[in-house]
Amino acid sequence: MFVHFLANETYMTVLLEIRRRFRQALATVCDAPDEFTGLIGPAQDPRFGDYQANVAMPLAKRLAQPPRKIADALVAAVQLDDLCHPPEIAGPGFINLRLRDDWVVQRLGQAARDPRLGVDPVNNPRTFVVDFSSPNVAKPMHVGHIRSTVIGDALAKTLRFVGHRVITDNHLGDWGTQFGMIIFGYKHLRNDDAYRRNPIEHLSSLYRWVRQAIDWQQAKQQAAAREEPPKIDPVAKALAERVENIEEAVLAETAKLHAGDSENLQLWREFLPACRADIQCIYQRLDIQFDHELGESFYHNRLPHIVEDLRRRGLARESEGALCVFLDGFETPMIVQKKDGAFLYSTSDLATIEYRMTHWQPDVVLYVVDHRQHEHFEKLFAAARVWGYDRVDLRHISFGTVLGEDGRPFKTRSGDTVGLEELLDEAEQRAMTVLQQVAEERESPLNAAQQALIARVVGIGALKYADLSQNRQTDYKFSFSKMLELKGNTATYLQYLYARVQGIYRKAGLNVEALRNAAVEFDLATDIERQLALGLLRFGEALDDVLLDYRPNILAQYLFDLAQTFFKFYNQCSVLQAETAALRQSRLQLCDLTARVVRQGLALLGIDVVDQM
RNA sequence: GCCCUCGUAGCUCAGAUGGAUAGAGCAACGGAUUUCUAAUCCGUCGGUCGCAGGUUCGAGUCCUGCCGAGGGUGCCA
């Protein structure tokens, strides 16, 4: 079995330093100190100090002694005086810690001088494959597709930043039934002029028509069950009335493609580049790149070999005409070859595992995919283990469904959801509207090019942040106004912070490089400055917490908390007009470090910043 | 039928491994700008954490039952 990856045992954050000290003290009172260090964390409430250790109560049970007595013993044994004030014991046995300002100032100076902002690279780098986005090409992308894309991208960037080797792979659906639909549509409905003028647009239309025709025929079969007939385009309706059982015909076209039929293969080769170029437009606007884009078609000719291997090893056997892998703990088998001889996505997923293990030797593979495929992945991983890949950590990073305004899942098939292009356009448009309102009151107006850039960065940032700031497990209701919100807990708030700090530099005519190279002497003159300092030192802890369970929303939450603290500080404390030159220097450094942490944190979420807003 | 999620403020959502008085944002209302960009800040209002039991020093969090919503479930992906 693989060794479970504990991100929080890699670099020395403040928290890990405290835990390390406590571990030694814990060893003097019990023989399993590691079971308890996890109970040491940031204080829940500032009144209790900066960090707290909630270890005495559970220990009391184990040692059959009063918790306060154990807390006393731990406080006596723990060696913390260089970083903390004397610990205080409260309530049933909480141990409250308050960091010494001189130590905080010293750590802060280190972070400020460090291009990595005080986050040390992991000392046990591992190789991760992150499989995300993976849309079906040739099918219009809609709002449901951005979740996998932005979450996967953020996780890949975060893993890379903390020092792991990361390989991103976009496992495109480029070999499936949707091509059967397009081929079928092309053969029956194509308009050569329209196709020449704009291939991808025409192919999309063909897809939609065929899809609608199939849905319409199915609805008609189930007849009176639903009174409301599905929405249908006249072209699709004509097709549905002219050709019987389109679904079967589509599957036949798909089967011919897979069997190597020269006409269909030729059409597939012709369509694919246009389809790929089309989704690249989206990735370009989202500023997302992949190391590899090995789609299903890449694995197609390996599938017979996979199935043969499974059969030879006795892992797969025939049942009800299909070739199946039966797995312990599952009622239904994983089917790897249909009775008509065709392969399934299970088969190509196994082929993908084999390829990645052979060529990339990952320690961990993350599949950033909708939670509805949970059971599929459980089976896939179980099958991979019995197949021999039992030392790699295969993980389904599942996320919730994007629901329509009515609270029901979008129908991914019918295509009448909000398209992704439309969403991106709207995002930039809304950002531009706000920008123009705000800019009217500004002394130094921005030119058109600046405005366009800002609108793009702010609009796309809002969109990504709306997804990333939410716990990935929960379903969420899509709404333009929520996704494109530009105030409150949004990317805009964080981008605004960055822009404000740059504004200070401009106002003061400051050379930022000179500021950073100057001797750093922080002065935590007020409570709010101290609070900001502590927040800045927690960047690494936030990244640890993100990677503990692959939750980017923890980073978003951290950044928002930090920004709130910053804005309080900023409203309370004058930077350029500070009472003394030393305090002014300290505050400039606080602003600078905050801006750098925010910029870096946003970058890990795939979100950019601008100097002015 | 079986399996898996989810139910927290008017709305949208945070609350990992059980910890001190359950938090944000939005909306609503009231304030702050001769001074670093008001996309900001401060304040007020807002809760039977679906319901009922249980476990224990302590439960939004764990267990059982019920109600409600969604998803998956042998030849789509």
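On a predicted model such as this, the values are computed, not experimentally measured, just so you know.
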Under 5.5 Å and under 30°: [X] stacked on [N]:
| X | N | result |
| --- | --- | --- |
| A:F48 | B:A20 | yes |
| A:Y570 | B:C36 | yes |
| A:F94 | B:A20 | yes |

Is [X] near enough to [N] that one of its side-chain N or O atoms lies under 4.0 angstrom from OP1 or OP2?
| X | N | value |
| --- | --- | --- |
| A:R500 | B:A38 | yes |
| A:K338 | B:C76 | yes |
| A:N54 | B:U17 | no |
| A:Y493 | B:C41 | yes |
| A:K339 | B:C75 | no |
| A:Y496 | B:A39 | yes |
| A:K487 | B:A27 | yes |
| A:Q564 | B:G25 | yes |
| A:N489 | B:C26 | no |
| A:T474 | B:G70 | no |

Pairing check on [N]: which nucleotide meets the Watson-Crick or G-U wobble criteria with it, both distances under 3.5 Å?
| N | value |
| --- | --- |
| B:C36 | none |
| B:A14 | none |
| B:G43 | B:C29 |
| B:C57 | B:G19 |
| B:A9 | none |

Taking atom [atom1] in both [N] and [M], what distance in whole Å separates the two?
| N | M | atom1 | value |
| --- | --- | --- | --- |
| B:G60 | B:U40 | C1' | 33 Å |
| B:G50 | B:U12 | P | 15 Å |
| B:U48 | B:C11 | P | 12 Å |

Side chain A:T401 and base B:G70 donor-acceptor under 3.5 Å: no
B:A20 base / A:N96 side chain donor-acceptor hit below 3.5 Å: yes
Salt-bridge criterion met for A:R538 and A:E541 (N-O under 4.0 Å): yes
Test: A:R317 cationic atom under 6.0 Å from A:F326 six-membered ring centre, within 45° of axis: yes
A:A525 versus A:R587, closest heavy-atom pair with distance: CB-NH2, 4.5 Å
Which atom of A:S348 lies closest to which atom of A:L303, heavy atoms considered: CA-CD2, 3.6 Å
Interatomic distance, A:R372 CZ vs B:G71 P [rounded to whole Å]: 8 Å
A:F377 and A:F381 aromatic ring geometry - parallel, tilted or perpendicular at 30°/60° bounds: tilted
When we call it a touch if two heavy atoms are under 4.0 Å apart, what does [X] touch: a base, just sugar-phosphate, or nothing?
| X | result |
| --- | --- |
| A:I335 | base |
| A:Q373 | base |
| A:E296 | sugar-phosphate |
| A:G176 | nothing |

A:S469 and A:N553: side chain donor to acceptor below 3.5 Å: no
Nearest to side-chain heavy atoms of A:Q470, which nucleotide of B:U12, B:A14, B:G74: B:A14
Residue among A:M181, A:Q217, A:R211 satisfying side-chain contact (heavy atoms from CB on, under 4.5 Å) with A:I246: A:Q217
